[in-house]
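We count ligands from 1, going down the list as the structure has it; atoms in each ligand are counted the same way. Numbers for residues simply follow the sequence, beginning at 1.
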Amino acid sequence: MGEAPAFCYENPLKEFANGNTLKSKSAETAIVTGSKKYVIEGSDGKSTSLGVRIYDESTAQWVHPVVLGTKPRACKGHLAVLLNEDRILIIKKGASPDDCLWFLELDTQYVRDQKTMHGGNTEVVAWSKGVRGDAEMPIVISGPSGVGKGTLINKLMKEYPSMFGFSVSHTTRAPRVKEEDGVHYHFTEKSVMEKEIKDGKFLEYASVHGNLYGTSIEAVEVVADEGKRCILDIDVQGARSVRQSPVEAIFIFIRPPSMEELERRLRARGTETEAQISKRLRNAEAELEQGISSGLFDHILYNDELEDCYQRLKVILLFLCLIIIFQLCHVYFFGSVKLMNNLVTV
Ligand SMILES: Nc1nc2c(ncn2[C@@H]2O[C@H](COP(=O)(O)OP(=O)(O)O)[C@@H](O)[C@H]2O)c(=O)[nH]1
Ligand SMILES: Nc1ncnc2c1ncn2[C@@H]1O[C@H](COP(=O)(O)OP(=O)(O)O)[C@@H](O)[C@H]1O
């Protein structure tokens, strides 16, 4: 199970299992690793999520790190255990099975990459959820421009409005005639978006067809807060970034029946200039190559006949729901045993 608690409660699991009030007066826990003390702030009655601050003994300074990922909702108490020196396991008191286990990543590959991106001197930590396969696991849909991603997603959202929510990306490209700011995209100035990327507000971003596109952490949180499964329409580079992040998702690649048909659809849509269409078709070749042969995607769907493709997409999503129901039943019937197994294996 990794390391013993560095600083916590005398017999934390027993105390937690008995449902006793945790001893910490301020519902804070502190974990020391190296010269740093990570303080996880519980509910103070005002904040809606768990907070993090760091005391650096080498400089005798408190630091407020850049905190990435969806933050755990505030709770009545929590337990913190250091695992493998690179992450802290948090067990929330009184939380539902799908919300009780979280990780605060301190020195994982993802966090190290993010630190480098922030210039190397900024403290960065990242939250990730500890229970796999929960109902909020996002769905990433990628594929070349004009293949039909938007059409398929719209059908899904229309048929299951309470089940799926669209992650509204940011982009620096100009809006199309029928596109609404905040609905299809958050249309943004390049300098503003670059600043927000630097501030750690994006789960992923990429330069696509000459413009910047990105998924903000907030865009995904908004959907999760509505209790819906989040759908991300992002390019292959973005899908790769999500794969490397702590977010667990299902990755689906949509491919066209042929390049000729892709070109026909792009032209028929009538939203791009000739130069833009040429650029998108050139990029499509590389996207198809990466989408099909990189092993990045869990499912590859041909969008030949729209209705057939949509039905196959629904089968994939329905199958996922069955797995989730199975896992919830497992937690319900084998509760604590299963949860403790997860502690050992994650
Ligand atoms: N990485 C990334 N790609 C995005 C995001 N939003 C949209 N894209 C991708 O950017 C590409 C261009 O999107 P868009 O300009 O709407 O054109 P369309 O795909 O032809 O409808 C598509 O491949 C989208 O999947 C995002 O937030 N992140
Ligand atoms: N299976 C299909 N057969 C024929 N036309 C399609 C199909 N799927 C989508 N289209 C059309 O192709 C065009 C591009 O689809 P769209 O959803 O905008 O693609 P994307 O979001 O991948 O760029 C649209 O005009 C759409 O109506």
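- Note: no N/O pair closer than 3.5 Å links E179 and ligand 1 by distance alone.
- Under the 3.5 Å distance criterion, the side-chain polar atoms of R312 are matched with a main-chain donor or acceptor of Y302.
- Through direct or relayed side-chain contacts under 4.5 Å between Ile, Leu, Val, Met, Phe, Trp and Tyr, F202 connects to M117, M193, I197, Y205, L212.
- Checked by distance only, ligand 1 and V208 stay at 3.5 Å or farther apart across all their nitrogen or oxygen atoms.
- Between F297 and F253, the two ring planes are tilted [angle within 30° to 60°].
- None of V140, L152, I252, I153 except one satisfies the side chain to side chain contact (heavy atoms under 4.5 Å, CB included) rule with I231; the exception is I153.
- Side-chain atoms of D298 come within 3.5 Å of backbone atoms of F251 as a donor-acceptor pair (strictly under, hydrogens ignored).
- Interface atoms of ligand 1 facing G238, defined by a heavy-atom separation under 4.0 Å, are 1 (N).
- Checking side-chain atoms of E263 against main-chain N and O of E260 turns up no donor-acceptor pair under 3.5 Å.
- Contact annotation: the side chain of P72 approaches that of W127 to within less than 4.5 Å [non-hydrogen atoms, C-beta and beyond].
- Under 4.0 angstrom from ligand 2, the non-hydrogen atoms of D304 all belong to its backbone.
- The closest protein non-hydrogen atom to atom 27 (O) of ligand 1 is S169 OG, 2.6 Å.
- Ligand 1 does not have H184 within reach: every non-hydrogen atom of the residue lies 4.0 Å or more from it.
- With atom 25 (O) of ligand 2 as the reference point, the heavy atom nearest to it among R264, R280, R269 is part of R269.
- For ligand 1, the polar-atom distance check finds no N/O of Y205 at less than 3.5 Å from any of the ligand's N/O atoms.
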Practice problem: Using the salt bridge (charged side-chain N to carboxylate O under 4.0 Å, His left out) rule, take E261 and R265 through it: C-alpha gap first, then chi angles, then the decisive distance, then the call. | Solution: CA-CA 6 Å; E261 173 62 10; R265 286 182 197 173; 2.7 Å; yes

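- Numbered from 1 in the order shown, with element, the atoms of ligand 2 that lie under 4.0 Å from a heavy atom of S145 read 23 (O).
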Quiz item: Are H209 and S145 close enough, and set up right, to give a side chain to side chain donor-acceptor pair (under 3.5 Å), and what steps lead you there?
Solution: CA-CA 10 Å; H209 314 315; S145 179; 4.6 Å; no

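- Counting protein heavy atoms only, atom 12 (C) of ligand 1 is closest to Y213 OH, 3.5 Å.
- With hydrogens left out, the protein atom closest to atom 16 (O) of ligand 1 is Y185 OH, 2.5 Å, a heavy atom.
- In summary, the atoms of ligand 2 found under 4.0 Å from a heavy atom of L306, numbered by their order in the structure, are 1 (N), 2 (C), 8 (N).
- G148 N, 3.1 Å is the protein heavy atom nearest to atom 19 (O) of ligand 2.
- At least one N/O-N/O distance between R176 and ligand 1 falls below 3.5 Å.
- Put simply, no part of Q237 is less than 4.0 Å from ligand 1, judged by heavy atoms.
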Practice problem: Give the C-alpha distance, both sets of side-chain angles, the deciding distance and a yes or no for salt bridge (charged side-chain N to carboxylate O under 4.0 Å, His left out) between E287 and R255. | Solution: CA-CA 10 Å; E287 285 173 300; R255 64 181 293 186; over 6 Å; no

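- Ligand 2 lies nowhere less than 4.0 angstrom from a heavy atom belonging to A268.
- Atom numbering of ligand 1 starts at 1 in the shown order; those under 4.0 Å from a heavy atom of R173 are 14 (P), 15 (O), 16 (O).
- Between R176, K155, R265, it is R265 that holds the heavy atom closest to atom 12 (O) of ligand 2.
- For T29 and H78, the side-chain atoms include at least one donor-acceptor pair closer than 3.5 Å.
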Quiz item: Please walk me through it: do E123 and K115 pass side chain to side chain contact (heavy atoms under 4.5 Å, CB included)?
Solution: CA-CA 7 Å; E123 284 293 347; K115 273 187 186 161; 3.9 Å; yes

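- Residues S49 and R73 are not in side-chain contact: their nearest non-hydrogen atoms beyond the backbone lie 4.5 Å or more apart.
- The protein non-hydrogen atom at the shortest distance from atom 8 (N) of ligand 2 is N303 ND2, 3.1 Å.
- Considering both main-chain and side-chain atoms, D233 comes within under 3.5 Å of ligand 1 through a nitrogen or oxygen pair.
- Distances between N or O atoms of K149 and those of ligand 2 include at least one value under 3.5 Å.
- For the salt bridge (Lys or Arg N to Asp or Glu O under 4.0 Å) test with E272, the passing option among R267, R176, R173 is R176; the others fail.
- Contact annotation: for K149 versus ligand 1, heavy atoms closer than 4.0 Å belong to the side chain alone.
- Less than 4.0 angstrom separates some heavy atom of G214 from each of these atoms of ligand 1: 26 (C), 27 (O), 28 (N).
- Between E272 and ligand 1, not a single N/O pair is under 3.5 Å apart.
- Side chain to side chain, S128 and E105 meet the donor-acceptor criterion of an N or O pair below 3.5 Å.
- In terms of protein heavy atoms, atom 20 (O) of ligand 1 is closest to S145 OG, 2.4 Å.
- No heavy atom of G150 sits closer than 4.0 Å to any atom of ligand 1.
- Under the 3.5 Å distance criterion, the side-chain polar atoms of E41 are left unmatched by any main-chain donor or acceptor of E28.
- For D199 (side chain) and K201 (main-chain N/O), no donor-acceptor pair under 3.5 Å exists by modelled atom type.
- Closest to atom 1 (N) of ligand 1 by heavy atom, among D235, T151, T215, I234, is D235.
- Looking only at heavy atoms of the protein, atom 28 (N) of ligand 1 is closest to E204 OE2, 2.7 Å.
- In terms of polar-atom proximity, H209 is not counted as a contact of ligand 1, lacking any N or O under 3.5 Å from an N or O of the ligand.
- Using 4.0 Å as the threshold, R269 has a heavy atom nearer than that to some atom of ligand 1.
- Of all atoms in ligand 1, numbered sequentially from 1 with element shown, those under 4.0 Å from a heavy atom of A206 are 1 (N).
- Nearest to atom 23 (O) of ligand 2 by heavy-atom distance, out of C309, G270, G146, is G146.
- Under 4.0 angstrom from ligand 2, the non-hydrogen atoms of P144 all belong to its backbone.
- Atom 27 (O) of ligand 2 has T151 OG1, 4.0 Å as its closest protein atom, hydrogens excluded (heavy atom only).
- Side chains of Q109 and R112: a donor on one and an acceptor on the other come within 3.5 Å.
- Scanning the protein heavy atoms around atom 21 (O) of ligand 2, the nearest turns out to be G150 N, 2.9 Å.
- Not a single donor-acceptor pair under 3.5 Å links the side chain of E248 to the backbone N or O of M137.
- For the pair K228 and F164, the cation does not sit on the ring face, since its NZ or CZ is not both under 6.0 Å from the ring centre and inside 45° of the axis.
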